[in-house]
Amino acid sequence: MTLKAKLGLVFGSLALIVICLYSSAKLQLRHETMVRVQAEQQLLMSLSLMVEPFLAQNKIEQVKGHLLATSFSSTLPIKAILVYQADGNLFAATQFPRELFNFSPTRDLTGQKALQDGSTLLWSTVMVTPASMSYFDSDKVAAEGSTLGYVAIQISPLRLSQLWWWQSFLWGTVLVIILALAVLLQRRIFYHQHLRWQAFLRQIRTLVSSQELNDKKLTEFDSAELTLLFRSLYTQQQQLQQQLQLQHQLEQKQEQNKQMECEQRELNYQQQLMTLANELNSSQCQLQQWQQLCVLGHAGKTEQQAQLLKWLQTQDMLDKLELQQETVWFPAWLATQVAVWQQELQLDKLNFVLVEDPALSVSEVQFYTRHTAELLKQILSLVLQDVQQNELSLHINLQTFSDNKLMLQFDHSGQSKAIRQVISTTESAAVVQQLCHRSLTRLGAKLSVSALEDLGCSVRLELSLIAVKSTELPMYQTAVYLDTNPLRAAVLKQSVYSVAEQVIYIQQWSQLQPELQHRLVDLVLVQLPSPDTADSLRSELHALAARTPLLAFCDFAQLNDWKQILNCPVLANPMLSADIRQHIARKPVEPQLRLLVVDDNKTNLAFVKAILSQQQLEVDTAETGADAVRLAKSGRYQLILMDIQLPDMSGILATHLIRQLPQHQNTVIMAFTAHALPEEIQQFHQAGMNDVVIKPLDAHKVADLIRRCQQLSPQNPIPG
């Protein structure tokens with residue numbers, strides 16, 4: 001490398017170091033600026049809240065004390081803190097700089113100003129709040145939200161921290177040292193190359209046969225001839241290396257071919273042995289199956305024989321069928337399987353409780369549906385052989401933390417002999433146990449059994465899912481679940497979370513009406529008692545179904561009796577999320593245009609209600625702000641007419657409270673007043689009101705209100 005190239009490398013490296021340090025300074029300054037802006041805003045807000053009560057009480061010494069404490073404790077480079085009154089006069093300050101003699105916050109509304117000494121002046125308005133209104137005299141009136149005063153802070157200009165300069169100097173020094181070491185290392189490499197060249201020249205001297213060779217003739221040696229000689233020697237060396245490499249590769253390939261032939265022969269032999277073993281096991285299984293069918297036929301159990309024959313045919317068809325993946329919405333697939341279980345396995349004679357994981361209700365899963373359905377049917381039939389007290393519960397959970405897995409757990413009272421034979425097939429030659437074991441092996445599922453004496457048995461099945469995809473399904477906000485059986489409700493209310501974000505459990509029928517009057521409920525699910533009590537519940541359920549989506553569940557034996565009594569959907573247990581969504585979606589919800597009129601004048605309320613009722617509108621009235629908030633919590637309105645002057649609170653505060661309710665985020669709220677100045681209209685908009693309606697109502701105003709209601713009529717029967 002030439003001297004020019006070395007100098008270019010050194011200067012280029014130094015330029016790179018300077019660029020890196022400059023970029024680091026820019027990033028550091030930008031970061032400190034962002035942090036400082038956030039700290040300044042927080043300090044202004046805390047000072048406004050701190051001085052508000054003392055400014056209202058005109059206590060200068062307390063304000064000065066708080067300003068000095070804040071100036072000493074703050075991490076910002078504060079030069080001065082000043083508090084001004086609403087008219088712009090200075091109220092209190094830590095010190096008064098010369099640059100602020102002609103400053104007044106009432107003249108400049110920007111909120112920030114750069115001073116001549118390089119510092120920055122920030123100020124914020126102190127507003128009147130309900131907390132500070134109590135400090136005013138009875139003769140003075142302070143409007144909520146009006147200006148009480150101003151808080152200003154003078155802050156020194158931002159500079160990079162001294163720590164950054166030390167860090168930058170340290171890193172720059174390290175980079176310069178690394179560059180110097182690299183240059184020294186290159187110099188050392190060049191030195192070694194020079195030594196090798198000198199050694200090469202000495203070898204040339206020893207190879208020359210002429211005795212008259214001296215240093216002068218050696219220096220006159222033709223370099224072109226020497227280069228050609230080196231190239232020829234290098235070419236010969238490369239050819240020899242290629243020949244040796246080709247020969248080595250040929251030998252390795254021959255050895256690999258011999259090894260592959262031996263492995264292939266051994267693999268073919270193992271496959272033949274496995275095929276013969278599988279054929280032998282299959283023949284033995286078929287022999288056992290036909291023996292079992294013959295035993296059932298001789299015993300006169302034709303129904304069980306037909307059921308077993310059907311299972312054998314289905315399993316034989318699935319064995320010949322390849323595993324096929326399907327993507328399904330799991331709750332719908334589960335509802336189909338439960339219907340098959342109730343038909344073929346007669347689950348309606350059991351007290352069957354099914355608990356769904358809420359995560360599965362919004363998931364589309366991909367797995368082997370046909371083979372999994374047959375496996376679940378086989379496991380359930382074996383579980384039913386051990387059930388003793390006609391009680392069975394199924395818990396279904398989805399695990400997607402590391403691997404996608406589906407967990408199914410059957411809990412029942414009884415022993416676990418039949419299902420344990422699946423895990424250890426050598427204990428029994430029962431056909432169903434062998435079929436279940438084959439399905440488990442093919443699907444790669446895991447089966448475990450745990451049982452406690454006199455407490456029952458728990459069968460846990462773990463299935464691997466190929467893929468899990470979340471879907472967006474409409475969810476109810478609030479659902480009420482009524483069940484007089486607390487043990488069953490403690491389990492089943494978890495399933496209700498698959499269709500509603502909030503679930504309220506009620507144990508007594510007498511608690512239903514008060515709950516619906518004081519809470520906004522989107523869905524009601526009830527577990528019906530015996531039909532003997534139908535007379536006392538018929539009218540209540542009919543009235544409830546007329547205004548709220550209602551779905552009832554009962555035992556299968558009582559299903560027909562309740563369907564004849566009630567006009568709402570009645571389903572048999574178990575309670576499934578797919579059935580809930582399907583039956584509630586079938587019932588169309590007629591749009592009802594509801595309005596709320598808030599006015600403390602009863603005559604105005606009666607007049608407005610009479611006019612709006614003639615237009616087929618449902619009108620509710622309230623005379624106070626508290627009544628308006630209570631009605632808004634328990635209902636949905638398309639439009640609210642809000643009077644400004646109310647006896648307990650202002651209409652602005654009532655509007656603010658109603659806007660915080662989830663169901664009234666987009667509701668049109670109109671200020672209903674006799675007059676409104678431009679400043680008042682601006683306050684109405686800031687409080688969350690959409691527009692102003694001037695009293696009294698006339699035909700044009702009513703037509704405009706009807707048009708707004710029709711534009712906001714509900715479209716979706718299930719709230720999202």
Side-chain angles (χ1 to χ4, degrees), residues 41 44-45 48-49 52-53 55-56 86 109 111 124-136 140-150 520 593-601 604-605 608-609 612 619-697 701-702 704-709 711-712:
Q41 296 298 327
L44 278 175
M45 185 179 298
S48 299
L49 296 176
E52 176 189 349
L55 188 60
L109 303 179
S124 175
T125 305
V126 181
M127 307 297 293
V128 177
T129 62
S132 60
M133 290 175 62
S134 59
Y135 296 111
F136 287 93
K140 299 181 180 179
V141 179
E144 180 181 352
S146 60
T147 301
L148 184 62
Y150 302 90
L520 181 63
L593 303 180
R594 299 185 61 190
L595 282 75
L596 175 62
V597 181
V598 185
D599 198 333
D600 58 344
N601 192 324
N604 290 341
L605 281 180
V608 173
K609 186 174 183 180
L612 296 177
V619 182
D620 293 340
T621 60
E623 297 182 7
T624 62
D627 292 341
V629 175
R630 178 180 57 81
L631 291 174
K633 287 182 179 179
S634 61
R636 285 191 176 91
Y637 297 98
Q638 282 71 43
L639 188 140
I640 299 176
L641 294 179
M642 178 66 67
D643 191 10
I644 302 302
Q645 301 295 333
L646 296 175
D648 55 345
M649 66 178 71
S650 65
I652 295 177
L653 180 58
T655 301
H656 178 70
L657 297 176
I658 293 175
R659 280 297 187 202
Q660 296 179 359
L661 301 176
Q663 66 270 23
H664 291 298
Q665 296 291 326
N666 299 319
T667 303
V668 175
I669 303 180
M670 312 284 285
F672 194 42
T673 180
H675 57 84
L677 299 176
E679 296 81 5
E680 295 175 341
I681 295 177
Q682 185 178 3
Q683 293 182 2
F684 298 159
H685 288 302
Q686 293 177 354
M689 295 183 179
N690 299 89
D691 208 341
V692 179
V693 177
I694 304 299
K695 298 178 182 179
L697 287 179
K701 297 176 183 178
V702 172
D704 182 65
L705 293 178
I706 295 175
R707 179 181 57 80
R708 290 178 179 268
C709 292
Q711 291 177 354
L712 296 173

Interatomic spacing from [atom1] in [X] to [atom2] in [Y] - rounded to 0.5 Å:
| X | Y | atom1 | atom2 | value |
| --- | --- | --- | --- | --- |
| M689 | D691 | CE | CG | 11.0 Å |
| D620 | Y637 | CG | OH | 3.5 Å |
| Q683 | L677 | CD | CG | 10.0 Å |
| T621 | L596 | OG1 | CG | 8.0 Å |
| M642 | T655 | CE | OG1 | 4.0 Å |
| Q682 | E679 | CD | CD | 8.0 Å |

Between [X] and [Y], which heavy-atom pair has the shortest distance, and what is it?
| X | Y | answer |
| --- | --- | --- |
| I658 | I669 | CG2-CD1, 4.2 Å |
| I652 | A687 | CG2-CB, 3.2 Å |
| L641 | V693 | CD2-CG2, 4.3 Å |
| D600 | P647 | CB-CD, 3.7 Å |
| N690 | V668 | OD1-CA, 3.3 Å |
| F684 | A671 | CD1-CB, 3.7 Å |

### The single option from V692, L595, L639 passing side chain to side chain contact (heavy atoms under 4.5 Å, CB included) against M670
L639
### Query
Counting N and O atoms only, with roles assigned by atom type, does the side chain of D599 sit under 3.5 Å from a partner on the main chain of D643, one being a donor and the other an acceptor?
no
### Task
Flag the pair T667 / I640 as yes when at least one side-chain heavy-atom distance between them is below 4.5 Å, and no otherwise.
yes
### Query
Do K609 and V597 have side chains that get closer than 4.5 Å, going by heavy atoms?
no
### Task
With side chain to side chain contact (heavy atoms under 4.5 Å, CB included) as the test, would you mind laying out the steps for I644 and E680 before giving the verdict?
CA-CA 10 Å; I644 302 302; E680 295 175 341; over 6 Å; no
